[in-house]
A.B. asks: 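The structure under discussion is supplied below as structure tokens; questions concerning it will follow.
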Amino acid sequence: MRKLKQVNHLMGLLRPAIEDVQARHKDAVLVDAGSGNAYLGFVLYELFLKDAASGTLLSIEGRPELTERAKGRAERLGFTRMQFETAHINQARYPERIHLLMALHACDTATDDALVAAVRHGADHVAVVPCCQAEVAAQLKEKRPVVAASGSMSLLYAHPWHRREFGSHLTNVIRALTLEAFGYQVTVTELTGWEHSLKNELILGRKVHRENRRARVQLERLLAETGVTPKLTRELGVKPAVPSAQGAATEPSAPEASETPEPAGA
């Protein structure tokens with residue numbers, strides 16, 4: 001029942017994005033990355049695709065038993081435009097063009113894999129609820145900030161408990177800023193009440209520009225100042241700003257116009 005409440009609430013938050021995609025694309029392609037039992041996909045299909053003339057929902061899940069179970073359920077329900085692929089998110093065969101990509105509680109770097117797929121395939125809309133962010137916390141344990149005038153930044157994650165919480169928060173800040181750098185307008189909010197899920201942060205992105213150079217500069221500086229290199233930024237080729245001789249990260253040069261508009265009709 002907790003999962004159903006989360007999914008139903010997410011549908012309400014996703015409605016504007018789905019309606020936008022269906023209005024602008026004759027055969028909308030929706031992707032549920034790390035779909036598990038495909039609860040999210042089945043509710044979405046029932047609400048938005050079942051009575052529509054077109055549109056495809058692709059569910060990607062690495063565990064074959066869950067894929068087969070979901071396939072059988074889709075056949076019984078007559079959901080003929082639900083497709084299933086057994087693959088890890090970073091190894092899946094994605095459609096050339098994705099219009100909406102979702103990932104609900106994809107664990108640790110699997111959320112990064114979903115975001116990479118969204119960026120590389122030009123998703124109009126992105127919605128992720130991250131889970132189990134451990135990679136950055138492990139990097140914080142091994143490193144200290146490259147830029148720290150007094151070294152006080154490291155006090156935020158000196159204790160294991162703080163390191164886990166700070167690493168989780170920093171991971172999601174980097175994810176949101178990365179989406180902005182690649183031209184998305186980003187909203188960060190809660191998915192549902194904390195009593196239903198402790199992993200409750202929802203990151204929504206809508207593609208509005210080709211890129212945002214100001215956000216790219218901010219992202220590169222943040223990576224330099226914290227000394228972390230998450231999988232998302234590694235995969236998308238974003239590197240930390242280069243420290244200057246004085247120890248401060250040097251901003252890459254960026255023209256005054258920081259945003260390149262997305263071409264009309266894209």
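Residue indices begin at 1 and follow the sequence shown. FYI, side chains are in, hydrogens and waters are out, and symmetry mates aren't considered; it's all heavy atoms of this structure.
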A.B. asks: More than 12 foreign heavy atoms under 6.0 Å from CD of Glu19: is that the case here?
C.D. replies: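 Result for CD/Glu19: enclosed.
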
A.B. asks: Just jot down the ring-ring contact (aromatic ring centres under 6.0 Å, His included) partners of Phe84, sequence neighbours excluded, or say none.
C.D. replies: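 Phe84 satisfies ring-ring contact (aromatic ring centres under 6.0 Å, His included) with no other residue.
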
A.B. asks: With the threshold set at 4.0 Å, does a side-chain nitrogen-carboxylate oxygen contact exist between Arg93 and Glu85?
C.D. replies: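 The answer is yes: the pair qualifies as a salt bridge.
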
A.B. asks: Do Leu30 and Ile98 land in one hydrophobic cluster if side-chain heavy atoms of ILVMFWY residues count as linked below 4.5 Å?
C.D. replies: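 No; Ile98 is not reachable from Leu30 via cluster members.
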
A.B. asks: Mark yes or no for whether Lys207, through its side chain, and Phe182, through its backbone, hold a donor-acceptor pair below 3.5 Å.
C.D. replies: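 Side chain of Lys207 to backbone of Phe182, a donor-acceptor pair under 3.5 Å: yes, one is there.
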
A.B. asks: How close do Ala118 and Val126 get, heavy atom to heavy atom, and via which atoms?
C.D. replies: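 Reported closest heavy-atom pair: CB-CG2, 3.6 Å.
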
A.B. asks: Linking I/L/V/M/F/W/Y whenever their side-chain heavy atoms sit closer than 4.5 Å, directly or via other members, would Leu44 and Ile60 fall into one cluster?
C.D. replies: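 Hydrophobic grouping puts Leu44 apart from Ile60.
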
A.B. asks: Are Leu10 and Phe48 joined in one hydrophobic group, where the rule is that I, L, V, M, F, W and Y side chains link up if heavy atoms are under 4.5 Å apart?
C.D. replies: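 Same cluster: Leu10 reaches Phe48 through Ile, Leu, Val, Met, Phe, Trp or Tyr contacts under 4.5 Å.
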
A.B. asks: Who passes salt bridge (charged side-chain N to carboxylate O under 4.0 Å, His left out) against Asp20, sequence neighbours left out?
C.D. replies: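 If we apply the salt bridge (charged side-chain N to carboxylate O under 4.0 Å, His left out) test to Asp20, skipping adjacent residues, the hits are Arg24.
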
A.B. asks: Can you tell me if Asn212 and Glu180 form a side-chain donor-acceptor pair at under 3.5 Å?
C.D. replies: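 Glu180 and Asn212 do not have a side-chain donor-acceptor pair below 3.5 Å.
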
A.B. asks: Okay, side chain of Thr233, backbone of Thr229: is any donor-acceptor separation there less than 3.5 Å?
C.D. replies: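 Between the backbone of Thr229 and the side chain of Thr233 there is no qualifying donor-acceptor contact (under 3.5 Å).
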
A.B. asks: Answer yes or no: is there a donor N or O on one side and an acceptor on the other, between the side chain of Thr111 and the main chain of Ala106, under 3.5 Å?
C.D. replies: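 At least one qualifying donor-acceptor pair exists.
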
A.B. asks: Checking His162 now: which residues fulfil ring-ring contact (aromatic ring centres under 6.0 Å, His included) with it, not counting sequence neighbours?
C.D. replies: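 Residues passing ring-ring contact (aromatic ring centres under 6.0 Å, His included) with His162: His159.
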
A.B. asks: Treating Ile, Leu, Val, Met, Phe, Trp and Tyr as nodes and any side-chain heavy-atom pair under 4.5 angstrom as an edge, say whether Met102 and Met82 lie in one connected cluster.
C.D. replies: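 Met102 and Met82: one cluster.
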
A.B. asks: His99 side chain to His125 main-chain N or O, any donor-acceptor pair under 3.5 Å?
C.D. replies: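 Side chain of His99 to backbone of His125: no pair is present.
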
A.B. asks: Check whether Val29 and Leu101 end up in the same hydrophobic cluster, where Ile, Leu, Val, Met, Phe, Trp and Tyr are linked by side-chain heavy atoms less than 4.5 Å apart.
C.D. replies: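 Yes; Leu101 is reachable from Val29 via cluster members.
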
A.B. asks: For the CZ atom on Arg120, are there more than 12 heavy atoms of other groups (residues, nucleotides or ligands in this structure) within a distance under 6.0 Å?
C.D. replies: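 Above 12, so yes.
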
A.B. asks: Can you name the residues that form a side-chain contact (heavy atoms from CB on, under 4.5 Å) with Thr80, not counting sequence neighbours?
C.D. replies: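 Scan of Thr80 (side-chain contact (heavy atoms from CB on, under 4.5 Å), adjacent residues dropped) gives Tyr45.
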
A.B. asks: Just how far is it from atom CG of Asp27 to atom CD of Gln22, taken to the nearest 0.5 Å?
C.D. replies: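 Rounded to the nearest 0.5 Å, the CG-CD separation comes to 10.5 Å.
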
A.B. asks: Could you go through the side-chain contact (heavy atoms from CB on, under 4.5 Å) check for Glu220 and Arg216 one step at a time?
C.D. replies: CA-CA 6 Å; Glu220 291 171 349; Arg216 177 69 174 247; 3.0 Å; yes

A.B. asks: Quick one: does NZ or CZ of Arg163 land under 6.0 Å from the six-membered ring centre of Trp161, within 45 degrees of the ring axis?
C.D. replies: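 No, Arg163 and Trp161 do not form such a contact.
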
A.B. asks: Mind checking side-chain contact (heavy atoms from CB on, under 4.5 Å) for Glu46 and listing every partner two or more places apart, or none if nothing turns up?
C.D. replies: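 Partners of Glu46 by the side-chain contact (heavy atoms from CB on, under 4.5 Å) criterion, ordered by chain and then number, come out as Lys50, Phe79.
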
A.B. asks: Report, as yes or no, whether the 6.0 Å neighbourhood of atom CD on Glu96 holds more than 12 heavy atoms from other residues, nucleotides or ligands.
C.D. replies: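 Not more than 12 within 6.0 Å, no.
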
A.B. asks: Are Leu223 and Val238 close enough that some pair of their side-chain heavy atoms sits under 4.5 Å apart?
C.D. replies: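 Yes, at least one pair of side-chain atoms sits under 4.5 Å.
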
A.B. asks: Is Arg221 reaching over with its side chain to a backbone N or O of Ala241, donor-acceptor style, under 3.5 angstrom?
C.D. replies: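 It does not hold such a pair.
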
A.B. asks: If I compare all heavy atoms of Asp124 with all of Tyr184, which pair ends up nearest, and what's the gap?
C.D. replies: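 That would be O-CE2, 4.1 Å.
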
A.B. asks: What residues, two or more places apart in sequence or in another chain, satisfy side-chain contact (heavy atoms from CB on, under 4.5 Å) together with Glu135?
C.D. replies: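 Partners of Glu135 by the side-chain contact (heavy atoms from CB on, under 4.5 Å) criterion, ordered by chain and then number, come out as Asp108, Thr109, Asp112, Gln139, Pro230, Lys231, Arg234.
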
A.B. asks: Applying the side-chain contact (heavy atoms from CB on, under 4.5 Å) test to His169, which of Thr171, Val173, Asn172 qualifies?
C.D. replies: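 Passing option: Val173.
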
A.B. asks: With distance as the sole test, does Arg81 use its side chain to make a donor-acceptor pair with the main-chain N or O of Ser54 at under 3.5 Å?
C.D. replies: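 Yes; at least one donor-acceptor contact below 3.5 Å.
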
A.B. asks: Is a side-chain N or O of Glu61 found less than 3.5 angstrom from the main chain of Gly36, in a donor-acceptor match?
C.D. replies: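 At least one qualifying donor-acceptor pair exists.
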
A.B. asks: Output yes when Glu211 and Arg213 qualify as a salt bridge under the 4.0 Å nitrogen-oxygen rule, no when they do not.
C.D. replies: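 The answer is yes: the pair qualifies as a salt bridge.
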
